[in-house]
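Written below as structure tokens is the structure these notes are about.
All chains are named by letter (A, B, ...) in the order of the sequence lines, taking the proteins before the strands, and each is independently numbered beginning at 1. In what follows, every heavy atom counts, from backbone to side chain, and hydrogens, waters and symmetry copies are set aside.
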Amino acid sequence: MRLSRHFLPTLRETPAGAEIVSHQLMLRAGLIRQTAAGIYAWLPLGHRVLMRIAAIVRREQDRAGAIEMLMPTIQPADLWRQSGRYEAYGPEMLRFPDRHGREMLYGPTNEEMLTAIFRDCATSYRDLPRTLYHIQWKFRDEVRPRFGVMRGREFLMKDAYSFDLDPEGGKASYDAQFTAYLRTFAALGLKAVPVRAPSGPIGGDLSHEFHIIADTGESEIFYDAALDDVDLADPEAPARLRGLYAMEAEEHARAAECRVPPGRLARRRGIEVGHIFFFGTKYSAAMGFSVQGRDGAPVTPLMGSYGIGVSRLVGAIIEASHDAAGIIWPDSVAPYDVALIDLRPDDPDCAGAVAALAGQLEAAGVAVLHDDRDARPGEKFATMDLIGLPWQLIVGPKGLAAGTVELKRRATGERHMLSPESALARLTGGS
RNA sequence: CGGGGAGUGGCGCAGCCUGGUAGCGCAUCUGCUUUGGGAGCAGAGGGUCGCAGGUUCGAAUCCUGUCUCCCCGACCA
């Protein structure tokens with residue numbers, strides 16, 4: 001993609017009103033544009049990141065056996081009357097009538113809708129267990145939206161719902177999501193700490209929040225510092241993590257005993273990027289959902305729900321990965337893999353060499369953002385550092401005369417002068 | 001929802017107190033020079049000063065109302 005034909009409105013100055021670094025950088029790097037309090041348009045670069053994150057979330061959900069679907073954003077109020085939440089939910093729910101005067105709402109979550117859909121289709125124990133999910137926009141009319149996409153009113157969320165016949169099955173579904181979450185956040189280049197959260201009437205070890213450690217996080221968490229040493233890639237990680245003390249602040253205050261050895265209790269700020277819980281028959285019972293069991297008797301399915309804040313993750317990743325010059329995208333979510341910087345597009349030799357490199361990279365499946373603008377080198381470097389693509393491939397007349405191009409790693413600043421062939425080989429995974 | 005702040009070219013701001021027909025930096029356009037870390041010179045375009053009333057010969061400026069946005073707190077996947 002040529003930058004001269006792209007839509008990438010970057011800002012040199014920090015916009016007024018953006019307080020935290022992720023919000024500032026998202027605006028400056030041309031990822032988002034605000035349209036109302038807590039509501040954002042995703043510009044091309046931001047949209048690419050959002051879609052890559054969603055793809056990783058989807059991959060791990062599929063791997064965990066969850067089945068993707070897509071439910072609407074708009075729901076009828078009657079659905080929520082069945083569970084009793086229409087009155088209980090409060091002003092966070094955006095309600096409005098349609099032209100016929102029917103009461104509608106913009107969904108803040110989908111327990112009711114999916115329970116109703118699944119209830120009307122599942123009739124036998126053979127239809128269970130199932131975990132279904134979708135990735136869809138939600139709306140919660142927050143009293144005070146802030147921090148850009150970190151606490152927006154409209155946000156993209158992956159929400160999964162499990163249906164099981166018995167507590168053991170429910171626990172297994174919960175554990176599958178727990179593991180999927182660890183894999184998801186690791187694939188995103190993040191260290192996410194699972195902490196026990198208030199789990200409501202069911203109690204037990206059945207609600208966890210997943211937090212990215214960051215000083216700007218809105219939550220406070222307490223955990224055994226030994227947790228920092230757990231290798232998330234280890235298959236044993238879920239079991240190890242759940243054996244260690246880790247609590248969301250409210251739960252920590254309530255804990256009867258804190259069995260963390262002295263000096264090992266870490267107290268940190270966290271950004272909540274995921275929340276899972278098991279709530280048994282809360283919705284299935286309220287909404288009259290049962291299936292026929294093996295013995296012919298009705299069984300009320302046990303449910304859990306599992307959320308990941310996809311749009312919030314964009315901000316969380318930036319909070320966790322940036323420097324003074326701008327964003328540093330993890331390879332897995334970067335909007336493009338390589339910034340191809342043509343220092344002298346007006347020089348035919350230079351432009352020719354760059355066009356050839358762009359073609360070869362794209363042919364190899366590498367996403368390239370080719371800066372062919374008629375601008376000075378300093379501006380190009382600054383732009384690319386700001387938007388944070390993992391690699392910068394810098395081509396200028398001086399290097400070309402010596403048969404070299406420069407390859408720079410954004411995260412470390414490490415630079416190598418290479419022949420174009422070896423630069424290509426590095427970027428396309430060759431030797 | 002309590003408390004505070006702000007709406008003036010695309011962005012960041014000044015002007016308001018003490019009314020007199022709108023300015024600065026960046027960005028944009030044209031030309032020339034420049035070209036490995038956000039260039040220089042010369043010229044140019046772009047704003048019903050959030051909106052609605054009012055006071056006045058005259059309102060960005062004073063008064064009233066209203067809308068929106070931001071910050072702190074409470075609340076919250």
Can you name the residues that form a side-chain hydrogen bond (donor to acceptor under 3.5 Å, both in side chains) with A/Y223, not counting sequence neighbours? A/D228, A/R268
Please report the distance, rounded to the nearest Å, between [atom1] in [X] and [atom2] in [N].
{"X": "A/L156", "N": "B/A77", "atom1": "CG", "atom2": "C1'", "value": "13 Å"}
{"X": "A/F277", "N": "B/C76", "atom1": "CZ", "atom2": "P", "value": "13 Å"}
{"X": "A/R410", "N": "B/G37", "atom1": "CZ", "atom2": "P", "value": "17 Å"}
{"X": "A/E92", "N": "B/A74", "atom1": "CD", "atom2": "P", "value": "16 Å"}
{"X": "A/E220", "N": "B/C76", "atom1": "CD", "atom2": "P", "value": "15 Å"}
{"X": "A/Q177", "N": "B/A77", "atom1": "CD", "atom2": "P", "value": "19 Å"}
{"X": "A/E272", "N": "B/A77", "atom1": "CD", "atom2": "P", "value": "7 Å"}
{"X": "A/L94", "N": "B/A77", "atom1": "CG", "atom2": "P", "value": "18 Å"}

Nearest heavy-atom approach of A/L227 to A/A246 is CD1-CB, 3.8 Å
What string of B, S and - do you get for nucleotides 66-72 of chain B 5' to 3' if you count protein non-hydrogen atoms under 4.0 Å? ---SSBB
Summarise protein proximity over nucleotides 22-35 of chain B in one line of letters, 5' to 3': B for base, S for sugar-phosphate only, - for none, counting protein heavy atoms closer than 4.0 Å. ---BSS------BB
Test: ring pair (Phe, Tyr, Trp, His ring centres under 6.0 Å). Region: [range]. Which pairs qualify, not counting sequence neighbours?
{"range": "residues 324-353 of chain A", "value": "A/H6-A/Y336"}
{"range": "residues 376-403 of chain A", "value": "none"}
{"range": "residues 408-428 of chain A", "value": "none"}

Would you verify whether the NZ or CZ of A/R242 falls within 45 degrees of the ring axis of A/F178 while also being under 6.0 Å from that six-membered ring's centre? yes
Side-chain donor-acceptor pairs under 3.5 Å in residues 84-93 of chain A, sequence neighbours left out?
| unit_1 | atom_1 | unit_2 | atom_2 | d |
| --- | --- | --- | --- | --- |
| A/R85 | NE | A/Y283 | OH | 3.2 |
| A/R85 | NH1 | A/E111 | OE1 | 3.4 |
| A/R85 | NH1 | A/E112 | OE1 | 3.0 |
| A/R85 | NH1 | A/E112 | OE2 | 3.1 |
| A/R85 | NH1 | A/Y283 | OH | 3.2 |
| A/R85 | NH2 | A/Y283 | OH | 3.4 |
| A/Y86 | OH | A/E103 | OE1 | 3.2 |

Considering only side-chain heavy atoms of A/V143, which listed nucleotide, B/C76, B/C75, B/G37, is closest? B/C75
NA contact type, [X], heavy-atom cut-off 4.0 Å: base, sugar-phosphate, or nothing?
{"X": "A/T383", "result": "base"}
{"X": "A/K408", "result": "base"}
{"X": "A/G274", "result": "nothing"}

For RNA chain B, which residues of residues 304-325 of chain A approach it to below 4.0 angstrom with any heavy atom? A/G309, A/R312
Please list, in numerical order, the residues of residues 41-49 of chain A that have a heavy atom closer than 4.0 Å to any atom of RNA chain B. none
Considering only NZ, NE, NH1 and NH2 on the basic side and carboxylate oxygens on the acidic side, decide whether A/E60 and A/R63 come within less than 4.0 Å. yes
ring-ring contact (aromatic ring centres under 6.0 Å, His included) partners for A/F147, two or more places apart: none
ring-ring contact (aromatic ring centres under 6.0 Å, His included) partners for A/F118, two or more places apart: A/F163, A/F289
Let me have the donor-acceptor pairs involving side chains of residues 318-325 of chain A, under 3.5 Å, with sequence neighbours excluded, atom names and distances please.
| unit_1 | atom_1 | unit_2 | atom_2 | d |
| --- | --- | --- | --- | --- |
| A/E319 | OE1 | A/T216 | OG1 | 2.6 |
| A/E319 | OE2 | A/S22 | N | 2.9 |
| A/E319 | OE2 | A/S22 | OG | 2.8 |
| A/S321 | OG | A/I328 | O | 2.4 |
| A/H322 | ND1 | A/I318 | O | 2.8 |
| A/H322 | ND1 | A/E319 | O | 3.3 |
| A/D323 | OD1 | A/A325 | N | 2.9 |
| A/D323 | OD1 | A/G326 | N | 3.2 |
| A/D323 | OD1 | A/R410 | NH2 | 2.8 |
| A/D323 | OD2 | A/R410 | NH1 | 2.8 |

Pick one: which of A/V314, A/I317, A/I327 meets side-chain contact (heavy atoms from CB on, under 4.5 Å) with A/V49? A/V314
Using the C1' atom as the point on both nucleotides, what is the distance between B/G10 and B/U55, in whole Å? 35 Å
